[in-house]
Each structure stands twice: as C-alpha cells, then as structure tokens.
Student: 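Submitted below is the structure of interest, expressed as structure tokens.
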Protein chains: 2
Amino acid sequence: MRDVAALAGVSVKTVSRVVNQEPSVSPDVAQRVRTAVATLGYRHHLGASTLRRTEQRTGTVAALLQDLSNAYSASVLRAIEVAAHERDIAVVASSLDEDPARERQIVEGLVRRRVDGLVLMPATASQAYLQPDLDAGLVTVCVDRHPQGISVDSVAVDGARGGALATTHLLDHGHRRVAFLGDDLRIETAAARYAGYERALAAREVALEPGLVVTGLRSAADAARAVHGLLDSTDPPTAIFAARNAVAEGAVRTLRERGVAHATALVGFDDFALADVLDPPLTVVRQDVDAIGAEVVSRLFARLDGDTSPPRAVDIDLELVRRGSGEIRPPH
Amino acid sequence: MRDVAALAGVSVKTVSRVVNQEPSVSPDVAQRVRTAVATLGYRHHLGASTLRRTEQRTGTVAALLQDLSNAYSASVLRAIEVAAHERDIAVVASSLDEDPARERQIVEGLVRRRVDGLVLMPATASQAYLQPDLDAGLVTVCVDRHPQGISVDSVAVDGARGGALATTHLLDHGHRRVAFLGDDLRIETAAARYAGYERALAAREVALEPGLVVTGLRSAADAARAVHGLLDSTDPPTAIFAARNAVAEGAVRTLRERGVAHATALVGFDDFALADVLDPPLTVVRQDVDAIGAEVVSRLFARLDGDTSPPRAVDIDLELVRRGSGEIRPPH
DNA sequence: TCCATGCTTGACAACGTTGTCAGGGCGAGT
DNA sequence: ACTCGCCCTGACAACGTTGTCAAGCATGGA
C-alpha cells in the first residue's frame, strides 16, 4: 500500500480511500491510484483491514455439519455458500462426524479466526461452551437439531412426527411387526424418530418388540448387517422403518440381495436421487432440504444484519412420499 | 491480551509466549497466565497473529469445486477437510458452477483473505490470471482438470480413456448405434470423454453419427429430455454412454419410464450410491474419488511444507464396473 | 570473589490497514 | 477584500499480535 501511494504520489490514507470506494476522492487522483494498484499488482489485505476497522467483521462464516459427503449436509452447505457469495462472504466448512470433542476443537479454531457466524449441526449434548462467544457477538444458527444450553435460532424438522408418519403408514398397510433401524439414540434426531415410532405403535395399540429395534447404525454396511440379522431371526419383521438415509441404502441393498425386496415393506427417512427408480421405488419421509437451507440462510444473515428479536425454533414440514416400497402388504 | 498480562502480572510478550507454547517460560508464570486466560475468557486473535508473524500463514486453504452438492465435489472437499483438520487448517469451500467469472471473483476474495492454498477445479479456459498470486507464494493444485496457462500440480483421470473404455465395452457387446450424452464440450472433462468415444468408434470402424451425440447436458432433467428425443427418433440408439453422473441419472429414469431399461444398454461415468441395486444394475466407469482426494491432499500439503519439485500431473486410474446395464445386447 | 553463561522476562517497534482530526485550497456570500 | 464553509488530502495513532534486542538474575567454574 505504501508502494502504491508512492507511485501514485499520494498518501496511504488516500489509497485506502480509493480501495474502499469512499466518495470523497477526486476522480483524477482515484484514477491515478487505480493505475498504480494495477501496475504493482497490489492486493488489499482483508486481515489487516478488519483488524483496524471498528466493526470487526471478517466476512467469513462457518458451517459445521455432520458429514459433508452426505447429501443432506452438502445441501445445507450449498445453500449457505450461494447466499454468502452474494455478500462476498467466505464459508468455512467442516464435518463433525458426531464427535463432540471435534466440534469443540473446530469451534475453538473458528473463534480464533473470528468468523462472524456459525451454522452448527450440533454433535455435543450441550452447546453451553459457546456462551462466552455468543456474548462476544458470534452469530449462531443450529440446524437439524435444537440448541441445548444456549438460546439461538434453529431450523429443523419434527423428527417424531416423521417417525410417526412412517410407522403409521406401515401399520395402516396391515403390518404388526415393524422394525426400527436407526442411529445411536443419544443423537437427538435419532431419538426423535424413534419416539415417533413408539408413539405410532402405542396409538395403534401394537406392542413394542425390543427385538425389532436396532440402533447405533451409522453406515450402510451397519444397516446391511442389521437387516440380515432381522431376516434370519425366528420371527422376522414384515416391514422396516429405516430412519436414516445411509440405513435405508443398506436396507434396500440387503432386501434385494435376499430376494425379499417385494415382500418386505420399507420406508426410509430422507429422500435421495434415484429413490424413485429403485425396484420397488422407495417410499420415504422427505425433509425439504432446500427449505431448510433457505431458512438457515435467512436466519443467519438476518442476525448478521442486526436482528435482535428473540431466537426462533423453526420447524420445516415433512412429507411422506409414497412410491411403492412402503405400500407392500404383509404376507397372507 | 493486555488485560491477561495485567491480571497475571506479566508483560504482553510473556502472554504471547505462553499462548504460543514457547519453551522459555517458567512453569509457575505459565500457569499464572493460563489461569488469567481462563478467567478472562481471552481468545487468541489469529488474524493479528498472522499479520505480525514473519511467515505469513493464515492456516486457511480453499476448495473451489464445481458443485458442492454433487457427490464428486463433496468427496474431494471431504478429503481436504479431514487432512486439513489434522493440521488445524480451516477450509473455505465454494461452488463455481462452470462460471469463469465466478471463479475469478471468488479467487480474488480468497487472495484478499490471504489463504495459503487453493484446490481448484477450473471453470476458466486459462488460469493465467493466477500467475501473480502464484509468484507471491499461493500454493495451487488443480483437480479433475489440468491447469491451462499456469504450471501447477494437478490430479485428474484420463477422461478419454474412460470414454473409450465405456464405448468399446458397448461395441464389444454388439452395439453399432451408441449414443453419447454429455456436457458442453468446452468443458475439458466433457471433451475428453467425447474424444474417447470418437476414438473407440474409429478403432472399431463404426461411423460416428452426429444424431446420436447430444451435448450441453447439465442436469438429470436435461438428460431425460435428450433420451426421450433419441428414443423418439426414427432410428434410436441401442446403447447409451452417459458421460456424467447427473446425465446417467436422467437416462436411468427415462429408460425405466419408457419401459426399455432392459432393452437399451447404458454405461454411466462416475459411480454413485445404489447404482448396484438399480434394475438393471448400472454399469459405470468409476473414478476412484478417494484416491483423487488423497492425492490432492498429498500434493497440497507437500507444497505447503515447502516441496519445490517441478509440478506434477497425476492421473488416477479408471475402472469399468460391469453390473448389468452395460452388458445388455442389441435386439436380434 | 568475580565473571561468563544460560535462562527468563520485558520494552519497543512493526505487520497492513483505517479512524480521527487538522490543514490547505477554493468558491460563494457580504 | 474578507470570512465562512465545503471538499479533498495527509499525518498520526491504533487495532492485537510477535520479532528483536537487551537486561536481570541465578548458577557454576576459575
């Protein structure tokens, strides 16, 4: 900047004014500065700029999601990134992999970097550790799960309603032996979907059978093993509720391998590409990921723009998409 | 930091030493400082730190990929992110959407932020605009496409070989009317796959028929329209090479809708989840995305660690995965 | 006892930028 | 001609941190 100033024959402050497009610079001086900037290849240093500025904004937000290679996390990231780009804001992305220690470690790194905002899909049981940073002005929006121990905006779906929707649908098609396959119940979303499953069984007065509940499933391979186990049991289920997309993937594959894809009902949670062209097409409870992303972005930027209204917990609608696999009836 | 120093009864420099874990601080002073840091909730300011440091590293790298919601881009991002986390490096992620102007704009923003490294899936025809920043020490690795106008590391697959692999496979199964469905040929990867298609036809002395080539397809919906068009033509293809995963998705859906999924051979490019349980299972040319990600990460961090060997262009192997759809034979 | 050595600590300036404030020039109004 | 006010510009300090250098102190050897 000093060099630019020297070449243009002005002070560094004037260069600063031109770079920041402040109005009070005469056109010919501004032009001289711009020429000097171009010939020297000068690059404005955003870090130094934010350090000095009164309003300490880095123009960076972070997205802490569970797994960036999962379509759901990726969609949320995409929504944030598109909106951020319009405002010249950079997006730092991280996967948490359901690891609370990792969440805290990554958040710490981001706070050190003074990101302006955080979109968080929490892996921790409580986010109270964030309180000092929230007080210091860190804008935070939770997604997919509700905040615990702090009071911030959140955008999620009603997982219990989704679980009930899927389970009731299977019960309505005559099933009495409906299996639940999901992730670790310590994870809020898994617990909610399971609660919906239980609630639906209770509403129809169908006894909950512990042998039909398998949790802690994270990958498609985990799910495949679980389905094999259920099918090999003495009294296998006639229907399966796969409460995660990776679990649904494993279930689809296993039912097909075992040749019972048309004999066992299956409802997945979370839609994915080509679910409609599987054989049979997969019935799912769909979360509107675009709506979730849009709402997250809207809350995040509203807060960054100074919205100080009380935190909101927004629930995005769920929808049962009937495609075939969930409408299979039980034997005889 | 000043407050911490005052509370601990030491100078700011000593606080700095403790924060940076420099060895020459007596244990009791260090403890006093750490206590003060904790009680005041002090957060080290990485921006100010890098501003002052001699080695101007921000501990941030950027991934500029085509579409973060696409499984391929997402996998590359994931690989970078995992490796970066181990080194306390943050990853900024952006989608370019094949838009050259967007690429330049985003790169400019990142340079202003002084990122240490760039992983770039170029959308521009030439990346010569990066030269001044490369000279200034910006580490860059291209992925999926080779750099043009600059000399940097790159990691890609041999798209022409992939196109030839797919096309030859279809020809070997007796097809003579093989359609090519792909993206705009100005995109390097699309052009390479098409070149492979042409080369394979020529090698078998099958005439190239322009009516069987549809390009500029970006989405599954685009591909669906194209397949409908081909099937409605007077002399439809007996086999289709879908040279992108979104295109394969549209082709699968359309062939199924039209009831010819078992009568028309189909080979896709790029594997995806559940391709093995489609009906028929989808034959694809698979890129080893994990290997690509690993290689990108390895090149990037080697350069950041000071490797100054000549730039390398690494080609990752392609593999034809035979699953059924590509082995369908032409009628009679 | 004295000095050299090593260890710990602090004062100061500097990184690249912008907020603050003051000064110079010029046009308009009296 | 003089003053007032506006417009443009620059000098200086400061943002939060660390590199440099020098000084204080204890230790150990002569």
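Below, chain A is the first sequence line, B the second, and so on; all start at residue 1. Keep in mind the model is a prediction, meaning the values are calculated, not measured. Atoms considered below: every heavy atom in the structure, side chains included; atoms not considered: hydrogens, waters and symmetry mates.
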Student: With nearest nucleotide decided by heavy atoms, which residue, A:V12 or A:R2, maps closer to the 5′ end of DNA chain C?
Tutor: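 Checking each residue's closest nucleotide, the 5'-ward one belongs to A:R2.
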Student: Do the side chain of A:T58 and the main chain of A:R114 share a donor and acceptor less than 3.5 angstrom apart?
Tutor: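 The answer is yes, because a donor-acceptor pair under 3.5 Å joins these two groups.
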Student: From C-beta outward on B:M1, which listed nucleotide comes closest to its side chain: D:dG10, C:dG10, D:dT17?
Tutor: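 Among D:dG10, C:dG10, D:dT17, the one nearest the side chain of B:M1 is D:dT17.
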Student: Could you check how far CZ of B:R32 sits from P of C:dT8, rounded to whole Å?
Tutor: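 These atoms are roughly 14 Å apart.
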Student: Side-chain donor-acceptor pair under 3.5 Å between B:E108 and B:Y129, yes or no?
Tutor: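 Absent: no donor and acceptor within the cut-off.
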Student: Within the 4.0 Å limit for protein heavy atoms, which parts of nucleotides 23-28 of chain C are touched? Write it as a string from 5' to 3', B for base, S for sugar-phosphate only, - for none.
Tutor: ------
Student: For DNA chain D, whose closest nucleotide is more 5', that of B:A48 or that of B:E22?
Tutor: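 It is B:A48 whose nearest nucleotide is closer to the 5' end.
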Student: Which nucleotide, C:dG16, C:dT17, D:dG10, lies nearest any side-chain atom of A:K13?
Tutor: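 Ranking C:dG16, C:dT17, D:dG10 by closest atom to the A:K13 side chain puts D:dG10 first.
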Student: How would you label the contact of B:R43 with the nucleic acid (heavy atoms, under 4.0 Å): base, sugar-phosphate, or nothing?
Tutor: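 Answer is sugar-phosphate: B:R43 comes under 4.0 Å of backbone atoms only.
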Student: Under 4.0 Å, heavy atoms only, any strand: does A:S16 hit a base, just the sugar-phosphate, or nothing?
Tutor: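 Here A:S16 touches the bases of the nucleic acid.
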Student: Expressed as a whole number of angstroms, how long is the span from B:D28:CG to C:dT8:C1'?
Tutor: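 Rounded to the whole Å, the gap is 11 Å.
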Student: For A:Q21 and C:dT18, what is the distance between atoms CD and P respectively, to the nearest whole Å?
Tutor: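 Taking atom P of C:dT18 as the reference, CD of A:Q21 is at 12 Å.
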Student: Between A:L40 (CG) and C:dG16 (P), how many Å, whole number?
Tutor: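 In whole Å, C:dG16 P lies 14 Å from A:L40 CG.
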Student: Answer with yes or no whether the side chains of B:D97 and B:S95 bring together a donor and an acceptor at under 3.5 Å.
Tutor: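 No pair is found: no donor N or O on one side chain lies under 3.5 Å from an acceptor on the other.
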Student: State whether the distance check finds a donor on one side and an acceptor on the other, under 3.5 Å, for side chain B:R52 versus base C:dG16.
Tutor: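 Such a pair does not exist between side chain and base.
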Student: Do A:Q66 and A:N70 meet the criterion of a side-chain donor-acceptor pair at a distance under 3.5 Å?
Tutor: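 Short answer, no.
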Student: Would you indicate which nucleotide in C:dT18, C:dT9, D:dT18 comes nearest to any side-chain atom of A:R53?
Tutor: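 Nearest to the side-chain atoms of A:R53, counting from C-beta on, is C:dT18.
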Student: Write down the distance between CG (B:L46) and P (C:dG16), rounded to a whole number of angstrom.
Tutor: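 After rounding, the reported distance stands at 17 Å.
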Student: Answer with yes or no whether B:R17 presents, from its side chain, a donor or acceptor under 3.5 Å of a partner atom in the base of C:dG10.
Tutor: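 By the distance-only test, yes, there is a pair.
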Student: Does the side chain of A:R218 come within less than 4.5 Å of A:I187's, by heavy atoms?
Tutor: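 Yes, close enough: below the 4.5 Å cut-off.
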Student: For A:H45 and D:dT17, give me the distance from atom NE2 to atom P, rounded to whole Å.
Tutor: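 In whole Å, D:dT17 P lies 15 Å from A:H45 NE2.
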Student: Judged by modelled atom types alone, do B:D67 and B:Y72 share a side-chain donor-acceptor pair under 3.5 Å?
Tutor: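 No, because no side-chain N or O of B:D67 sits under 3.5 Å from a partner of the opposite role on B:Y72.
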Student: Answer with base, sugar-phosphate or nothing: what part of the nucleic acid does B:V19 contact at a heavy-atom distance below 4.0 Å?
Tutor: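 It contacts nothing in the nucleic acid.
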Student: Return no unless some side-chain N or O of B:S26 is found under 4.0 Å from OP1 or OP2 of C:dT9.
Tutor: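 Answer yes for this pair, as a side-chain N or O of B:S26 is under 4.0 Å from OP1 or OP2.
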Student: Tell me: CZ of B:R57 to C1' of D:dT18, nearest whole Å?
Tutor: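 So the CZ-C1' distance, B:R57 to D:dT18, works out to 17 Å.
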Student: Using the side-chain contact (heavy atoms from CB on, under 4.5 Å) rule, pick out the option among B:R104, B:E98, B:R145 that qualifies with B:T124.
Tutor: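 Passing option: B:R104.
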Student: Answer with base, sugar-phosphate or nothing: what part of the nucleic acid does A:V25 contact at a heavy-atom distance below 4.0 Å?
Tutor: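 Sugar-phosphate, backbone atoms only, no base.
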Student: Is there a side-chain polar atom (N or O) of A:H44 under 4.0 Å from OP1 or OP2 of C:dT18?
Tutor: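 So the side-chain polar atoms of A:H44 do come within 4.0 Å of the phosphate oxygens OP1 or OP2 of C:dT18, strictly under.
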Student: Can you tell me if the side-chain N/O atoms of A:S49 get under 4.0 Å from OP1 or OP2 in C:dT18?
Tutor: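 True: A:S49 side-chain N/O within range (under 4.0 Å) of C:dT18 OP1/OP2.
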Student: Examine C:dC7: is either OP1 or OP2 under 4.0 Å from a nitrogen or oxygen in the side chain of B:S24? Give yes or no.
Tutor: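 So the side chain of B:S24 is outside the cut-off, no N or O lying under 4.0 Å from OP1 or OP2 of C:dC7.
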Student: To check you understand the geometry: which heavy-atom pair defines the closest contact between A:I106 and A:S94, and what is its length?
Tutor: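 The answer is CG2-OG, 3.7 Å.
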Student: Do the side-chain N or O atoms of A:S11 get closer than 4.0 angstrom to the phosphate oxygens (OP1, OP2) of D:dA11?
Tutor: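 Checking D:dA11 against A:S11, no side-chain N or O comes under 4.0 Å of OP1 or OP2.
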